[in-house]
There are 2 protein chains.
Amino acid sequence: MTATVQETDSPSTVETVADAITAAVRGGRLVPGQRLTESEFTGRLGVSRSSVREAFRRLTADGLLAAEPHRGVTVRQLSRREVDNLFEVRGALEALAVQLALPALNAAPAPLLALQAELDAAAGAGEMNRFSELNGRFHRMFRLYAENPLLDETLTRLSNSLYWLQFRVLVDRAEVFETNRHHQLLTACITADDAAGADAAMREHVETARRLIQSLPDDHFAPAAHP
Amino acid sequence: MTATVQETDSPSTVETVADAITAAVRGGRLVPGQRLTESEFTGRLGVSRSSVREAFRRLTADGLLAAEPHRGVTVRQLSRREVDNLFEVRGALEALAVQLALPALNAAPAPLLALQAELDAAAGAGEMNRFSELNGRFHRMFRLYAENPLLDETLTRLSNSLYWLQFRVLVDRAEVFETNRHHQLLTACITADDAAGADAAMREHVETARRLIQSLPDDHFAPAAHP
DNA sequence: CTGATAATTTTGTCAGACAATCAATGAGAA
DNA sequence: TTCTCATTGATTGTCTGACAAAATTATCAG
């Protein structure tokens with residue numbers, strides 16, 4: 001991942017560039033499918049091509065950009081098939097994270113319960129932005145308590161690829177609040193030390209996210225590669 | 001992944017470098033933990049630093065090398081903890097691959113059965129190299145039939161990180177032949193369309209691989225980062 | 001032998017260059 | 001007019017050479 005534990009040292013040039021691009025994507029100034037040229041950034045940021053190229057590669061590895069030989073990079077845009085592929089992997093890994101995190105969370109459920117309370121409040125008040133933010137925190141909590149850096153990185157990569165679609169869902173689909181029932185169920189299973197139930201709840205939650213994303217209109221997806 | 005479907009076009013320079021390094025690792029000329037300098041390869045292969053640096057990054061993304069700022073890259077060497085982390089992820093993903101591949105393999109089991117027969121023969125004859133090769137084919141078959149490129153890439157990356165340890169196990173541990181019982185069990189579950197059984201068999205198989213690797217002496221592992 | 005300092009190596013980044021490839025454009029053919 | 005194809009322009013892939021910062025190694029005093 002681009003983000004490491006220690007960020008004390010002055011950020012390197014490529015880190016600066018990578019952060020700028022990430023911010024632009026997060027801020028919607030760069031949209032999925034959009035092409036990024038090297039010159040665009042060498043000029044604006046006053047850095048050399050080497051640094052821009054490396055930043056491109058790093059973000060490609062992070063799942064935020066997609067690279068094609070001789071054609072440069074684009075903000076990653078998934079096809080519907082790729083979304084399905086991604087969610088198959090994500091389901092398995094989020095379920096794993098829950099299993100790994102369960103003992104620790106069951107032993108010290110306070111943070112989870114606090115977060116759940118905030119989720120309930122946001123859902124009740126219909127605050128989408130807040131709910132979105134909290135939803136992210138919810139998932140990250142499992143990754144954190146799972147204490148498996150590789151799992152965390154892998155899930156983060158998947159999450160990066162999904163950023164925009166997830167955002168569209170949060171903005172367009174009021175149904176997202178219904179997913180809070182999954183959160184509640186999951187939280188209940190954790191406190192009850194019910195591993196099987198937690199596994200099922202997380203898989204159901206992920207599957208619902210997949211369905212919501214797939215319900216978005218075609219123009220949010222890349223055309224299928226294979227006819 | 002470095003390997004793509006189509007390899008028709010003449011290999012680019014960085015591809016050449018990456019392949020050379022991969023071959024050196026596979027051939028044991030570069031051992032885990034060993035440091036690679038850029039000059040080493042610019043000289044020997046007659047290419048520029050740009051290409052070597054990019055090859056390093058690509059192989060790092062592929063899990064074969066590890067990079068540290070200002071310290072260059074080394075052939076990736078896992079700590080025991082990282083091995084455990086990796087196998088947790090691997091178990092979940094190999095199990096997923098089996099689930100996804102099951103329908104197709106159950107419908108057309110001929111290739112699987114043929115491979116199983118070869119495995120049995122190799123195990124019976126005690127041919128380690130052959131068994132190792134077939135074992136790899138066995139796992140790749142599930143990834144292939146799962147028809148999920150992302151899953152395939154992710155598992156390949158994990159496999160790359162494990163290359164050397166897996167190799168040592170194959171060379172040092174006669175117990176590997178016992179794992180063929182898992183193959184047989186798995187094959188049986190596939191042909192019987194027993195999803196739950198296949199899942200359990202694969203997880204058991206992966207867990208055994210983890211135990212075998214962890215049974216290797218300490219000098220095959222990187223020292224733990226955090227005490 | 002130990003620790004501090006200097007010399008050497010290596011990486012990170014920059015600048016400029018050129019060929020290969022891709023994208024767009026416009027001319028000619030149907 | 002519309003389609004096809006060659007020309008043009010932009011962009012990427014790669015090379016060369018350079019330099020400062022950081023890390024590694026060698027050197028030397030205590």
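Here the structure is a predicted model, which means the values were calculated and not measured. Numbered from 1 within each chain, the chains take letters A, B, ... in sequence-line order. Values below: all heavy atoms of this structure, side chains included; hydrogens, waters and symmetry mates excluded.
In this entry the distance linking CZ of B:F41 with P of D:dC15 reads 15 Å, nearest Å. The distance from atom CZ of A:R53 to atom P of D:dT11 is 14 Å, rounded to the nearest whole Å. Atom CZ in A:R49 sits roughly 17 Å away from atom C1' in C:dG12 (whole-Å rounding). Residue A:R57 contributes atom CZ, which lies 9 Å from atom P of D:dT14 at whole-angstrom precision. As rounded to whole Å, 12 Å separates atom P of C:dG12 from atom CD of A:E15. To the nearest angstrom, P of D:dC15 lies 11 Å from CD of B:E54.
Contact annotation: B:S12 side-chain N/O to D:dT14 OP1/OP2 distance is under 4.0 Å. For C:dT9, the OP1/OP2 oxygens have no side-chain nitrogen or oxygen of B:S39 closer than 4.0 Å.
Under a 4.0 Å N-O distance rule, the pair A:R203/A:E94 does not qualify as a salt bridge.
Of the candidates C:dC14, C:dT11, D:dT11, D:dT11 carries the atom nearest the A:T37 side chain, counting heavy atoms from C-beta on. Here the nucleotide nearest the side chain of B:H70, chosen from C:dT13, D:dG13, D:dA23, is D:dA23.
Residue contacts for A:E38: at a heavy-atom cut-off of 4.0 Å it reaches the sugar-phosphate backbone alone, with no base atom in range. Within 4.0 Å of B:S50, counting heavy atoms only, lies at least one base atom of the nucleic acid.
The residue among A:R35 and B:R71 whose nearest nucleotide of DNA chain C lies closer to the 5′ end is B:R71.
Residue A:E147 places its CD atom among 12 or fewer non-hydrogen atoms of other residues, nucleotides or ligands, all under 6.0 Å distant.
Rounding to the nearest 0.5 angstrom, the gap separating the CZ atom in B:R53 from the CZ atom in B:R58 is 15.0 Å.
Heavy-atom minimum distance, B:V14 versus B:S51: CB-O, 3.9 Å.
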